[in-house]
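Quick note on labels: first sequence line is chain A, next is B, and so on, each numbered from 1. Values below: every heavy atom of this structure, side chains too, minus hydrogens, waters and symmetry copies.
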Number of protein chains: 2
Amino acid sequence: MVDDLPHTALPGFMDHPLDIVFAALADPTRRAILAMLLEDDMAVTDVAEPFEMSLTAISKHLTILTRAGLIAQEKRGRVKWCKLDPSGLRSASVWMQGFGQFEPVHLDAFERFLEQELAQDLDPSDADPVRE
Amino acid sequence: MVDDLPHTALPGFMDHPLDIVFAALADPTRRAILAMLLEDDMAVTDVAEPFEMSLTAISKHLTILTRAGLIAQEKRGRVKWCKLDPSGLRSASVWMQGFGQFEPVHLDAFERFLEQELAQDLDPSDADPVRE
DNA sequence: GGCATATTCAACCAAATGGTTGACGATCTT
DNA sequence: AAGATCGTCAACCATTTGGTTGAATATGCC
């Protein structure tokens, strides 16, 4: 038997979204992943490649980034593509701009950049995913 | 017995400053403390007052915020005053503005506000610390 | 079908985190 | 000096985190 709370892991959990966003950003591996995705959308395997860490570990990091709204993942065939999602970063930025008490920031070049990315909707036309 | 590593807790530790800043921001209690300090510099005891948590716990949170460069603490007599420090938030914001690859953000109203605060150099002339 | 590739799941582990309590060193007040 | 107040220290505890490995699940290729 598995005790009695096997539902959806409903404990206190992190209630506030900002907890999740900032916690996600607090790890250097995850920030490095975000920086990589700034250059290109990537498959999980390719994200993992430069790190001296198991694929599983990277997969977990990507899950954390996804739940924080910092990246979005989309499965195409057997490959799961990862791309930046501005929403997480935006909410964090809004808070930081004076803990939400001042006017929200316009993420300037960054937001516009990401919006372009989104518009392309994961078109790996010039990506180079398969390296073998 | 206390084992044998009682020195300064020298393990790997968090190397990158951003790790420390974002980790500090990832806790709702600490963000609430920052929001409180936005209104007024406060003594540790007064910071702790609204929380249902021990003074020790708040003291630890304040240490974490201090090490992250998010607040500064100054002891005056037996009272330790806490005030916001823009440096931590600034470094986080710089990174977020496109992971350091875009132009750094001007923290607008927030920075100017804090610089005024700093100029006043912890003058609790209109603060109301002692409530008894 | 059979095999390789892509990714996650499950179980496990060490270390870090966030909290507690009780004792302690400072400092102010009387 | 005594006592109260401010804050931290030390030890402890439960939970979370970040990693591992081995097996499992999909999907693509021949």
(request) Using atom CD of B:E49 as one end and atom P of D:dT5 as the other, report the distance to the nearest whole Å. (result) 15 Å
(message) In whole Å, I'd like the distance from the CD atom of B:E74 to the C1' atom of D:dG7.
(response) 16 Å
(message) Filter on ring-ring contact (aromatic ring centres under 6.0 Å, His included), then keep only pairs touching residues 46-76 of chain A, sequence neighbours left out; what's left?
(response) none
(message) Please check: side-chain N/O of B:D85 versus main-chain N/O of B:S87, any donor-acceptor pairing under 3.5 Å?
(response) yes
(request) Mark yes or no for whether A:R67, through its side chain, and A:A24, through its backbone, hold a donor-acceptor pair below 3.5 Å. (result) no
(message) Just the rounded figure in Å: distance from C1' of D:dT17 to CZ of A:R67.
(response) 12 Å
(message) Rounded to whole Å, please give me the gap between CD1 in A:I33 and P in C:dT7.
(response) 13 Å
(message) Measure CG/A:D46 against P/C:dT7 and give the value in whole Å, please.
(response) 8 Å
(request) Pull out every residue in residues 52-60 of chain A that has a heavy atom closer than 4.0 Å to any atom of DNA chain C, ordered by number, or say none. (result) A:L55, A:T56, A:S59, A:K60
(message) Test of understanding: with side-chain contact (heavy atoms from CB on, under 4.5 Å), list the residues that count as partners of B:P50, not counting sequence neighbours.
(response) B:M36
Write down the protein N/O and nucleotide N/O pairs, taken from nucleotides 25-28 of chain C, whose separation is under 3.5 Å; answer none if there are no such pairs.
residue, atom, partner, partner atom, Å
C:dT27, O3', B:R78, N, 3.2
C:dT27, O2, B:R78, NH1, 3.4

(request) Could you tell me which residues satisfy side-chain contact (heavy atoms from CB on, under 4.5 Å) with B:S91, sequence neighbours excluded, listed by chain and number? (result) B:L18, B:V21
(message) Which residues pass the side-chain hydrogen bond (donor to acceptor under 3.5 Å, both in side chains) test with B:T56, not counting sequence neighbours?
(response) none
(request) Can you run down the ring-ring contact (aromatic ring centres under 6.0 Å, His included) pairs that involve residues 21-40 of chain A, sequence neighbours left out, and say none if there aren't any? (result) A:F22-A:W95
(request) For the pair B:D40 and B:K83, find out whether any cationic side-chain nitrogen is under 4.0 Å from an anionic carboxylate oxygen. (result) no
(request) Rounded to the nearest angstrom, tell me the gap between atom CD1 in A:I64 and atom C1' in C:dT8. (result) 14 Å
(request) With sequence neighbours left out, write down each residue that passes side-chain hydrogen bond (donor to acceptor under 3.5 Å, both in side chains) with A:T66, or none if nothing qualifies. (result) A:Q73
(message) Let me test you: for the helix from C:dG1-D:dC30 to C:dT30-D:dA1, what is the angle between the axes at its two ends (five pairs each), rounded to 10 degrees?
(response) 20°
(message) Suppose we screen for side-chain contact (heavy atoms from CB on, under 4.5 Å). Which residues come up paired with A:A57, at least two apart in sequence or across chains?
(response) A:M53, A:S54
(message) Looking at B:R30 and B:A23, would you say the former's side chain and the latter's main chain have a donor-acceptor pair under 3.5 Å?
(response) yes
(request) Would you mind reading off the distance between A:H61 atom NE2 and C:dT7 atom P, rounded to a whole angstrom? (result) 16 Å
(request) Specify the separation, in whole Å, of atom CG of A:D19 and atom C1' of D:dT15. (result) 15 Å
